[in-house]
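Below: the structure, in structure tokens.
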Number of protein chains: 2
Amino acid sequence: MYLPLLDHIDKFVKLDHDERNTVLTYLDCHKVRKKEHVLKEGQVCNAQYFIVKGCFHQYIINEKGVEKTLLFGIENWWMTDFLSFQSHSPSNFYIQAIENSEVISIDKESLEDLLIRVPKLERYFRLCMQKSFGASQVRIKYLFTMSAEERYHHINTMFPEFVQRVPQYMLASYLDFSPEFLSKIRAGKV
Amino acid sequence: MYLPLLDHIDKFVKLDHDERNTVLTYLDCHKVRKKEHVLKEGQVCNAQYFIVKGCFHQYIINEKGVEKTLLFGIENWWMTDFLSFQSHSPSNFYIQAIENSEVISIDKESLEDLLIRVPKLERYFRLCMQKSFGASQVRIKYLFTMSAEERYHHINTMFPEFVQRVPQYMLASYLDFSPEFLSKIRAGKV
DNA sequence: TAAAAAACTTGAAGTAGTTCAAGAAAGGAT
DNA sequence: ATCCTTTCTTGAACTACTTCAAGTTTTTTA
């Protein structure tokens with residue numbers, strides 16, 4: 001149950017037996033049902049979530065009441081609103097399960113505590129974040145340089161299983177165009 | 001010369017006298033002239049740059065040969081291509097000085113070394129990155145929810161001095177629209 | 001301080017993608 | 001198995017923004 005996270009940590013830093021056990025005492029694994037939220041706009045984001053199983057998206061609702069998906073997360077990714085988490089400010093975002101999922105959550109206080117007891121984890125979280133941030137930089141590059149159609153074909157080539165896994169309208173939103181347009185791209189009508 | 005960085009570190013973690021001195025031995029401060037690059041597409045990004053003075057932008061050149069600015073950096077920000085830095089892969093980006101600037105650079109090996117000697121810095125870099133990543137998440141929100149005109153007015157309200165500081169065509173590119181369109185927004189011709 | 005280069009402006013014509021509305025298909029719950 | 005909800009499709013009308021080209025202004029360099 002907690003193994004996926006320990007394995008993930010192990011890719012970045014080596015913990016000894018005691019440290020692993022310490023980590024375990026701080027974690028809390030629970031199920032999140034499809035469509036359930038772990039964060040809503042306006043709330044202060046007080047935890048980070050490691051996805052053990054399932055799929056989430058981070059989204060906002062625009063002034064027309066339409067959902068815009070900014071980010072997806074699947075197994076072995078951390079999800080949170082880092083800005084709200086760090087600065088205790090109300091979040092701009094919703095984070096919602098797209099499938100029945102399982103997450104390991106750790107709240108801010110526990111994390112602070114844990115990082116004092118297992119300082120090696122500072123490195124783990126640093127490297128994780130570096131990876132996410134790198135990915136987000138590349139994403140902006142794609143948004144800035146490719147047409148809607150190119151973005152769709154690109155993601156479809158790189159992550160075909162993922163494209164099947166999430167609703168089309170969310171994918172369209174993530175790629176920053178309308179669901180109708182995605183439908184037309186797929187039908188070859190553009 | 002190195003004080004701005006030590007001050008910045010001090011906002012996140014407290015170093016003792018020895019640790020500060022250790023840090024200093026790893027740093028290298030140098031001037032970068034306007035239009036000079038610290039990173040070009042295709043190079044592996046081997047260092048992180050802390051901006052002591054001046055202004056940089058990270059950009060790509062698209063298939064039409066046009067520059068697209070993905071990110072700006074000013075005093076007290078770190079700039080690098082984290083993906084390339086972490087995974088030793090060729091960078092997608094250029095990083096160039098917009099003004100005559102001064103940076104403190106630290107290369108990958110030195111950083112690894114330094115982090116071993118001053119482990120507290122793991123925390124510093126983690127928190128720095130968390131802040132940058134949070135900012136980049138919010139930026140994507142703006143790109144996804146505001147019209148071109150709204151994005152311009154927003155940045156102009158939030159950071160008026162910054163808007164004056166960089167060429168309009170770079171700002172337009174950063175906001176993801178054409179320089180001509182920015183000209184028209186400013187003239188009230190949209 | 002003149003000449004060259006870089007940055008900004010303007011209008012006209014074009015287009016990539018949106019919006020709307022209505023129907024069809026697929027998925028979930030009881 | 002059927003009803004209800006959610007998701008996907010299609011075409012027609014529209015629009016926010018781009019592209020192009022030419023001229024003007026500002027900045028840099030020698």
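Treat the numbers as computed from the prediction; the structure is a model and nothing was measured. Order of the sequence lines sets the chain letters (A, B, ...), proteins ahead of strands, with each chain counted from 1.
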Which side-chain N or O atoms in residues 41-55 of chain A pair as donor and acceptor under 3.5 Å with protein atoms at least two apart or in another chain?
from, atom 1, to, atom 2, distance (Å)
Q43(A), OE1, K40(A), N, 3.0
Y49(A), OH, V38(A), O, 3.4

Other residues, nucleotides, ligands: >12 heavy atoms within 6.0 Å of K120(A) NZ: yes
Which residues share a ring pair (Phe, Tyr, Trp, His ring centres under 6.0 Å) with H154(A), sequence neighbours left out: Y142(A)
Test ring pair (Phe, Tyr, Trp, His ring centres under 6.0 Å) applied to F72(A) - qualifying residues, sequence neighbours left out: F162(A), Y174(A)
Output a table of donor-acceptor pairs, distance under 3.5 Å, between side-chain atoms of residues 102-109 of chain A and any protein atom two or more places apart or on a different chain; print 'none' if there are none.
from, atom 1, to, atom 2, distance (Å)
S105(A), OG, H30(A), NE2, 3.4
D107(A), OD1, E109(A), N, 3.2
D107(A), OD1, S110(A), N, 2.9
D107(A), OD1, S110(A), OG, 3.0
K108(A), NZ, F85(A), O, 2.6
K108(A), NZ, Q86(A), O, 3.3

Residues which pass salt bridge (Lys or Arg N to Asp or Glu O under 4.0 Å) with E112(B), listed by chain and number, not counting sequence neighbours: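 Checked E112(B) against salt bridge (Lys or Arg N to Asp or Glu O under 4.0 Å); matches are R123(A).
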Taking distance alone, no hydrogens or angles, what donor-acceptor pairs closer than 3.5 Å link side-chain atoms of residues 175-185 of chain B to residues at least two apart or in another chain?
from, atom 1, to, atom 2, distance (Å)
S178(B), OG, F181(B), N, 3.2

Partners meeting side-chain hydrogen bond (donor to acceptor under 3.5 Å, both in side chains) with R20(A) (sequence neighbours left out): none
Restricting to nitrogen or oxygen on both sides, can you table the protein-nucleotides 4-8 of chain D pairs closer than 3.5 Å?
from, atom 1, to, atom 2, distance (Å)
dT7(D), OP1, Y169(A), OH, 3.2
dT7(D), OP2, Y169(A), OH, 3.2
dC8(D), OP1, Q168(A), N, 2.9
dC8(D), OP2, Q168(A), N, 3.1
dC8(D), OP2, Y169(A), N, 3.0

Between dT9(C) (C1') and L171(B) (CG): distance, integer Å: 16 Å
Pairs where residues 143-170 of chain A contributes a residue and the test salt bridge (Lys or Arg N to Asp or Glu O under 4.0 Å) is met, not counting sequence neighbours: E75(A)-R165(A), E99(A)-R165(A)
Salt bridge (Lys or Arg N to Asp or Glu O under 4.0 Å) partners of residues 85-96 of chain B, not counting sequence neighbours, each pair once: none
Nucleotide-resolved protein contact map, nucleotides 17-30 of chain C, B/S/- at heavy-atom distance under 4.0 Å: BBBB-------S--
Angle of first-five versus last-five pair axes in the helix from dT1(C)-dA30(D) to dT30(C)-dA1(D), to 10 degrees: 70°
